[in-house]
Amino acid sequence: MSEGMNQIMTTNTTLTNPASKITLWCYGLAAVMNEMNGVKLKENYKLNKSKENIRIHKHSLARDWGIENKEDLLQSLQWLLNEGHRHSFDEMKFFLSTLSESDQLHYIESIPKTSETYREYYIVRAYMDRLPLAGTASWDWGRYAHLCRIGAFVGYLSDDEVLELVKHVARIAQQQYSSWQEFGTSFLIGRQFWW
């Protein structure tokens, strides 16, 4: 694993101190999600803590995730940690790996081209031999880190809780991906599969 990916500091800090190395590293797990949601690195991924912005984020959590409180958030985080969308990707990958290349193509072509299933199998086949063993787990773990941060922003979690949750996922990611590039590539493939 590269030094940048492997370095987790054990300092006593919170996510409100964006200058600390652990904070920036934990933000790195969710960097793509932050950028996609308009939260910028040049602003230290700081969220505008207005009542309206908190309301908007609470609404998004409820609409997109069914999260309305700390318990809901912890359940979603547990799902992302243990299963996530990578589970479906891995099931399709396992099935395709039991077939010859020609049988893989034949099976995929037998699925209606306008269906979501066709698109998913097409993506799995295109990338299944190009991903590390962890596959698209970075997509789930990046969203995990992002959800933790938003959970703290809306008051469902404390900064200290978020730091402990994200550090746990960060350690797993460090063991599974050899570099930030590998993590990011797998993240984008996972997002494409989810999309």
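Throughout, numbering of the chain's residues begins at 1 and tracks the sequence. Computed over heavy atoms, backbone and side chain alike; hydrogens, waters and symmetry mates excluded.
Contact annotation: the side chain of Y156 never approaches that of L74 to less than 4.5 Å [non-hydrogen atoms, C-beta and beyond]. In this structure the side chain of E109 reaches within 4.5 angstrom of the side chain of Y118, judged on heavy atoms. In this structure, P132 and E182 have side chains that are in contact, with non-hydrogen atoms separated by less than 4.5 Å.
In this structure, the side chain of R171 does not engage the main chain of V166 through any donor-acceptor pair within 3.5 Å. Remark: side-chain polar atoms of E68 are not paired, donor with acceptor, to backbone N or O of A62 under 3.5 angstrom. In this structure, the side chain of E161 engages the main chain of S158 through a donor-acceptor pair within 3.5 Å. The closest donor-acceptor contact from the side chain of T98 to the backbone of F95 lies under 3.5 Å. Here the side chain of S138 pairs a donor or acceptor atom with the backbone of F183 at under 3.5 angstrom.
L131 and W194 fall into different hydrophobic clusters, where Ile, Leu, Val, Met, Phe, Trp and Tyr are joined by side-chain heavy atoms under 4.5 Å apart, directly or via other members. One hydrophobic cluster, built from ILVMFWY side chains closer than 4.5 Å, holds both V162 and I54.
In this view, F153 and H57 satisfy the ring pair (Phe, Tyr, Trp, His ring centres under 6.0 Å) rule, not counting sequence neighbours. Partners of F193 by ring pair (Phe, Tyr, Trp, His ring centres under 6.0 Å), not counting sequence neighbours, listed by chain and number: F89. With sequence neighbours excluded, the residues forming a side chain to side chain contact (heavy atoms under 4.5 Å, CB included) with R55 are E52, listed by chain and number. With sequence neighbours excluded, the residues forming a salt bridge (charged side-chain N to carboxylate O under 4.0 Å, His left out) with E164 are K167, listed by chain and number. Legend: residues meeting ring pair (Phe, Tyr, Trp, His ring centres under 6.0 Å) with F94, ordered by chain and number and at least two apart, are absent.
We find the OG1-NZ distance between T136 and K93 to be 9.0 Å, quoted to the nearest 0.5 Å. From S100, atom OG reaches atom CG of L105 across 8.5 Å, with rounding to the nearest 0.5 Å.
In the model, T117 has no side-chain atom that pairs as donor or acceptor with a side-chain atom of S115 under 3.5 Å.
Aromatic ring centres of W141 and Y144 lie farther apart than the 6.0 Å criterion allows. Between W195 and H85, the ring centre distance reaches or exceeds 6.0 Å.
Among residues at least two apart or in separate chains, salt bridge (Lys or Arg N to Asp or Glu O under 4.0 Å) pairs with a member in residues 125-135 are E101-R125.
For the residue pair L80 and D140, the shortest heavy atom distance occurs at O-CB, 3.6 Å. G142 approaches M33 most closely through the heavy-atom pair O-CG, 4.1 Å. Pairing each heavy atom of L29 with each of A145, the nearest pair is CB-CB, 3.8 Å.
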| From CA spacing to verdict: side chain to side chain contact (heavy atoms under 4.5 Å, CB included), L96, D103 | CA-CA 9 Å; L96 290 177; D103 286 342; over 6 Å; no
| message | Would M128 and Q104 count as a side chain to side chain contact (heavy atoms under 4.5 Å, CB included) here? Give the steps. | response | CA-CA 12 Å; M128 64 189 236; Q104 288 175 11; 3.8 Å; yes
